[in-house]
Amino acid sequence: DSGVTQTPKHLITATGQRVTLRCSPRSGDLSVYWYQQSLDQGLQFLIQYYNGEERAKGNILERFSAQQFPDLHSELNLSSLELGDSALYFCASSAGTDTQYFGPGTRLTVL
Amino acid sequence: AQSVTQLGSHVSVSEGALVLLRCNYSSSVPPYLFWYVQYPNQGLQLLLKYTSAATLVKGINGFEAEFKKSETSFHLTKPSAHMSDAAEYFCAVSLFSGGYNKLIFGAGTRLAVHP
């Protein structure tokens, strides 16, 4: 158990819908990262937050957004969903620029 | 730009045989390198990491990796495979810049262990 929690574990929705994925980092970790894992793209970095502020953006679509709240949990919002957004979404956390510890992931299926 | 190449998307070994999973990296600065393992339907678990200290790094579950700068490699080994080692393994390089940090992953190697 890495100490990073993600909810929900599974999410099934329809094209055009909007979903929110939630992540709670390890106790004391200020950085939260979001990654997408898909069969065709592999593991891709989406975005990083540090203590509530966005620090880095990767291959994140404009339809996707994230935020980190004062209690340090983070949410990833995915809107106008397409079939190709079906993937595993991982959250990771770290203390600054140290090792990233990953949560169990949320499996999103868009029908 | 940093990148990672894992040679062999699938590796199959017999139980008790040597495990060797290959990783080559490209980095313009001294890298931090990681190996993660993903068991079916689970998240990524850190196996080991190289952060410019000892070049031979020991990790969990009997795995180790050697950083070779001249070969830009960070191959993962285990002397004797166990059935429970069957999983997907990812090599990653860490990119630090301006206070941010992201992992760049290789495509992964799926390890199968046969009795």
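Below, chain A is the first sequence line, B the second, and so on; all start at residue 1.
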Does any donor atom in the side chain of N77(A) or T20(A) lie under 3.5 Å from an acceptor atom in the other side chain?
yes

Answer key: most heavy-atom pairs under 4.5 Å with chain A among T51(B), L46(B), L103(B) is L103(B)

Checking Q2(B) against S27(B): is there a side-chain donor and acceptor pair closer than 3.5 Å?
yes

Would you please classify the geometry between the F105(B) ring and the Y35(A) ring as parallel, tilted or perpendicular, with 30° and 60° separating the classes?
perpendicular

Is it the side chain or the backbone of Q6(A) that comes within 4.5 Å of chain B heavy atoms, both, or neither?
neither

Below 4.5 Å from any heavy atom of chain A, which atoms of Q38(B) appear? Answer side chain, backbone, both or neither.
side chain

Which class fits the ring pair Y36(B) and F102(A): parallel under 30°, tilted 30 to 60°, perpendicular over 60°?
perpendicular

Bottom line for I47(A): the part with an atom under 4.5 Å from chain B's heavy atoms is neither

